[in-house]
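Hydrogens, waters and symmetry mates are skipped; everything else that's a heavy atom, side chains included, is used. No experiment lies behind these values; they were computed from the predicted model shown.
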Amino acid sequence: NSGTFSARQGQANCTEASPGYYVNGVQQTSQSPCQPGEFQNSSGQESCMETYPGYFTDEEGSSSQKPCQPGSYQPDPGQTSCILTDPGYFSSQGATSQTQCENGTYSSESGQAECTPAEPGFFVDLDGATSATPCPPGEFQSDTGSSGCEVPPPGQVASSDGSSTSPCPPGKYQPGGQNSCIPASPGNYVNQSGANSQIPCEAGTFQPQPGQSSCDPASPGNFVSSNGSTSQSPCSPGEFQSYAGQSDCTPAMPGNYVPEPGAQSQTTCKPGKYQPEDGADTCIPADPGNFVSSSAAISQNPCEPGTFQSTEGKHSCMPAEPGNYVPEAGSAEQTKCPSGTDQELSGQTDCIDIERPLWMSILMFGIPTIILGTMTVLYIANKKKTSGAGKGKAYMYSEDLRR
């Protein structure tokens, strides 16, 4: 019968073909092996079977077919080998076809049993990829097998390899959508890491440099009046500031002044000068007829009656000298006593009539009168005598002429 054979004479029974072999026809003396691409897993068969798709045999007499190994496939029956998968594909054992790598994975070589997930910092956004793509600058991907990258959240930036993020350091910030951290602008600061915005310097502070984590307080003698300032301003003359970090200056108090800008303190008006207003840059010298006796004065004082002051900016008045007087307050000069009066003392407000004994009055007024009268009589008499003598001489002279 088919499927059996007898190799020797005198056999009571025929021998069945072994697995992997076959006997085609009757009265056969030997069995034939299955050829590569065929197999026979049963005995006593008259033919071999082709290997199934996904399987193969590569030698004669195969009793079983071999599955294609992972990374290879075979779509046809009766094959002696399998086909390696292409780059971008993979296959499992006994595959009849290759399968594309899904997005997020790739296969860079042929004959791959599985696809490689995209590493952190890379992505694969299509099927059948042969390589992963690095994340674009400013984006990141911390997971494996991703089909895309992400934009860092505000306050953070992507690492250079795109596999992670890191917070912006103090002095810098990231509002979102930026590839790198932005230095704080002059007049602003960032005092913590991971910031998504900068902070304006408060009034009283300033910052001239970019990328700073704090602001500088205004120095004594200076001020900063508004937020977000890049510089400080010196106090104006008439104002001062003793403390650092202030938003304004203090006006000089009455009795004081500030002559120059940038002052840390006020200056007291010296004796002889005063200042009634606040915020002054000079002191006012006392007017003539007035004085200022102490420092830090807010007003001048008029000289008392009996005293005077002819010069400005003095801290005291002078008493009227003997023979003079000052009748009113605030006088710039003294007055000489009128005739018939006198003043022996200094610092007086009036003069005193002179008191004389009778005999002194007679001496002073009578004797001069008598002397004056006598001199007048003598003068008149002498004049008459001189006139008479003149006429006689003229007559005699005329008589002589006639002779």
Side-chain angles (χ1 to χ4, degrees), residues 155 168-175 178 180-302 309 311-316:
C168 293
K172 297 183 178 182
Y173 70 102
Q174 205 281 91
Q178 302 297 316
S180 60
C181 296
I182 303 172
S185 306
N188 297 267
Y189 71 103
V190 177
N191 62 352
Q192 60 184 6
S193 60
N196 58 17
S197 63
Q198 60 184 349
I199 305 170
C201 293
E202 294 81 5
T205 67
F206 69 103
Q207 182 49 257
Q209 303 296 326
Q212 301 301 306
S213 60
S214 63
C215 296
D216 300 327
S219 307
N222 295 266
F223 72 102
V224 178
S225 61
S226 59
N227 295 339
S229 295
T230 60
S231 63
Q232 60 183 347
S233 302
C235 294
S236 302
E239 299 180 332
F240 70 98
Q241 183 51 257
S242 304
Y243 303 102
Q246 301 302 306
S247 60
D248 57 13
C249 296
T250 304
M253 294 184 291
N256 297 267
Y257 72 107
V258 178
E260 298 177 350
Q264 299 181 26
S265 61
Q266 59 186 350
T267 304
T268 301
C269 293
K270 302 298 186 290
K273 297 182 178 181
Y274 70 102
Q275 180 50 257
E277 305 292 338
D278 59 7
D281 57 4
T282 59
C283 293
I284 304 171
D287 297 324
N290 294 267
F291 72 101
V292 177
S293 61
S294 61
S295 60
I298 61 174
S299 64
Q300 61 182 347
N301 298 311
Q309 181 50 260
T311 306
E312 69 174 14
K314 295 299 182 179
H315 59 82
S316 62

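Checked against side-chain hydrogen bond (donor to acceptor under 3.5 Å, both in side chains), Ser229 has the following partners two or more places apart in sequence or in another chain: Ser226. For Gln174, the side-chain contact (heavy atoms from CB on, under 4.5 Å) test picks out Val157, Cys168, Gln178, with sequence neighbours left out. When the side-chain contact (heavy atoms from CB on, under 4.5 Å) test is applied to Thr230, the partners found at least two apart in sequence or on another chain are Pro186.
Evaluation of the side-chain hydrogen bond (donor to acceptor under 3.5 Å, both in side chains) test over residues 234-263, restricted to residues two or more places apart or in two chains, returns Asn256-Thr268. Applying the side-chain hydrogen bond (donor to acceptor under 3.5 Å, both in side chains) rule to pairs touching residues 278-297 yields Asp287-Gln300, sequence neighbours excluded.
The shortest heavy-atom contact between Ile298 and Gly255 is CG2-N, 3.8 Å. Taking all atoms of both residues into account, the shortest heavy-atom contact from Pro259 to Pro237 is O-CB, 3.9 Å. Contact between Gly313 and Pro285 at its shortest, heavy atoms only, is CA-CB, 3.9 Å.
Counting heavy atoms from C-beta on, the side chains of Asn222 and Cys249 never come closer than 4.5 Å. Looking at Pro254 and Gln275, their side chains never come closer than 4.5 Å, going by heavy atoms from C-beta outward. Proximity of Pro208 to Ser231: side-chain heavy atoms (C-beta onward) are nowhere separated by under 4.5 Å. A 4.5 Å side-chain heavy-atom check between Val292 and Pro271 finds every atom pair outside the cut-off. At a threshold of 4.5 Å between non-hydrogen side-chain atoms, the residues Pro288 and Gln309 do not count as touching.
Atoms CZ and SG, on Phe223 and Cys235 in that order, are 6.5 Å from each other to the nearest 0.5 Å. Within the model, atoms NZ of Lys172 and CD1 of Ile182 stand 10.5 Å from one another, a figure rounded to the nearest 0.5 Å. Between the OG atom of Ser213 and the CD atom of Gln207 there is a distance of 8.5 Å, given to the nearest 0.5 Å.
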Distance-only donor-acceptor pairs under 3.5 Å for side chains of residues 192-205, two or more places apart:
{"residue": "Gln198", "atom": "OE1", "partner": "Ser185", "partner atom": "N", "Å": "2.8"}
{"residue": "Glu202", "atom": "OE2", "partner": "Tyr189", "partner atom": "OH", "Å": "3.1"}
{"residue": "Thr205", "atom": "OG1", "partner": "Glu202", "partner atom": "N", "Å": "3.2"}
{"residue": "Thr205", "atom": "OG1", "partner": "Glu202", "partner atom": "O", "Å": "2.7"}

